[in-house]
Amino acid sequence: MDQFVVKPLFGAGDVHWYTPTNVTLWLALVVLASVALLVLGTRGRAIVPNRSQSIAELAYGLVHKMVEDIAGKDGLKYFPYIMTLFMFIVFGNLLGLLPKSFTVTSHIAVTGVLAFSVFFTVTAIGFIKNGVHFLDLFWVRSAPLAIRPVLAVIEVISYFVRPVSHSIRLAGNMIAGHAVIKVFAGFAAIAAVAPVSIIAVVGMFAFELLVAFIQAYVFTILTCVYLKDALHPSH
């Protein structure tokens with residue numbers, strides 16, 4: 001499973017915080033792919049769009065509608081940040097499917113940074129916009145008064161668990177898909193089951209293409225939900 005092993009980009013030896021690694025390389029490629037699609041692919045802005053412009057416009061429209069529908073029109077000011085997250089995760093997932101590549105979104109070190117950046121950002125937005133009234137998010141006024149303190153404790157715990165579940169969901173799905181493909185590919189060396197193994201690998205690869213988009217969509221839609229809670233914290 002070399003796809004998940006962090007290695008120095010040049011030579012061999014120990015990996016330190018300043019060492020260029022395969023993670024560094026593929027993170028840079030993910031950023032470059034996002035820029036190539038959204039900036040270079042749309043710079044012509046033709047009335048009849050080419051393929052790259054069509055894909056960029058579809059992604060833009062999807063995320064823009066998602067933000068507006070979930071967080072409301074006042075959430076659109078944060079659209080660039082959410083769009084950047086979506087494109088980064090999509091390309092991180094897709095590039096990880098290439099042979100000899102490195103799946104950056106399979107590592108908690110990457111998905112954790114993304115999840116905690118969302119967590120701290122929406123929490124800051126909540127307090128900046130609402131002040132102490134942001135704490136209304138944890139006080140369920142529609143519930144009977146006697147059980148509100150219990151619900152408040154549950155709400156606080158679930159709120160602080162958000163970045164953990166947000167990051168593990170994405171990384172876990174990426175690891176699981178690649179691991180299953182690796183298992184099926186291992187059976188290809190056995191002549192009796194090689195045809196079935198190859199069909200299974202092709203099927204799983206097609207499924208992983210779908211999962212790459214679904215996981216980016218899920219991460220983004222959860223970000224929009226958390227943003228909505230920050231903008232409108234009252235139950």
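All residue numbers refer to positions in the sequence shown, counting from 1.
- Taking each heavy atom of Pro233 and Ala230 in turn, the nearest pair found is CD-O, 4.0 Å.
- No donor-acceptor distance shorter than 3.5 angstrom exists from the side chain of Asn22 to the backbone of Phe102, with no hydrogens or angles considered.
- Between Phe10 and Pro20, the shortest heavy-atom contact is CE1-CB, 4.2 Å.
- How far CG of Leu76 is from NZ of Lys65: 12.0 Å, rounded to the nearest 0.5 Å.
- The main-chain N or O of Val23 is found under 3.5 Å from a side-chain atom of Thr21 such that the two form a donor-acceptor pair.
- Residues Val196 and Ile198 fail the side-chain proximity criterion, which asks for heavy atoms closer than 4.5 Å.
- Relative orientation of the Phe119 and Tyr159 rings is tilted, given thresholds of 30° and 60° on the angle between their planes.
- Across every non-hydrogen atom of Val104 and Gly92, the tightest pair is CG2-CA, 4.0 Å.
- Not a single donor-acceptor pair under 3.5 Å links the side chain of His107 to the backbone N or O of Thr103.
- The shortest distance between side-chain heavy atoms of Arg169 and Leu222 falls below 4.5 Å.
- Counting heavy atoms from C-beta on, the side chains of Leu114 and Ile89 come closer than 4.5 Å.
- With hydrogens and angles disregarded, a donor-acceptor distance shorter than 3.5 Å links the side chain of Ser101 to the backbone of Leu95.
- Minimum heavy-atom separation, Gly75 to Leu227: O-CD2, 4.0 Å.
- Annotation: Phe116 is not in aromatic contact with His166 [ring centroid separation under 6.0 Å not met].
- Between Arg148 and Arg141, the closest heavy-atom pair is NH2-O, 2.8 Å.
- The aromatic rings of Phe79 and His64 sit perpendicular to each other, their planes meeting at more than 60°, with 30° as the lower class boundary.
- Between Ala171 and Ile108, the closest heavy-atom pair is CB-CD1, 3.6 Å.
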Next item on the list: Determine, stepwise, if the pair Val90 / Phe86 fulfils side-chain contact (heavy atoms from CB on, under 4.5 Å).
Entry: CA-CA 6 Å; Val90 164; Phe86 177 78; 3.7 Å; yes
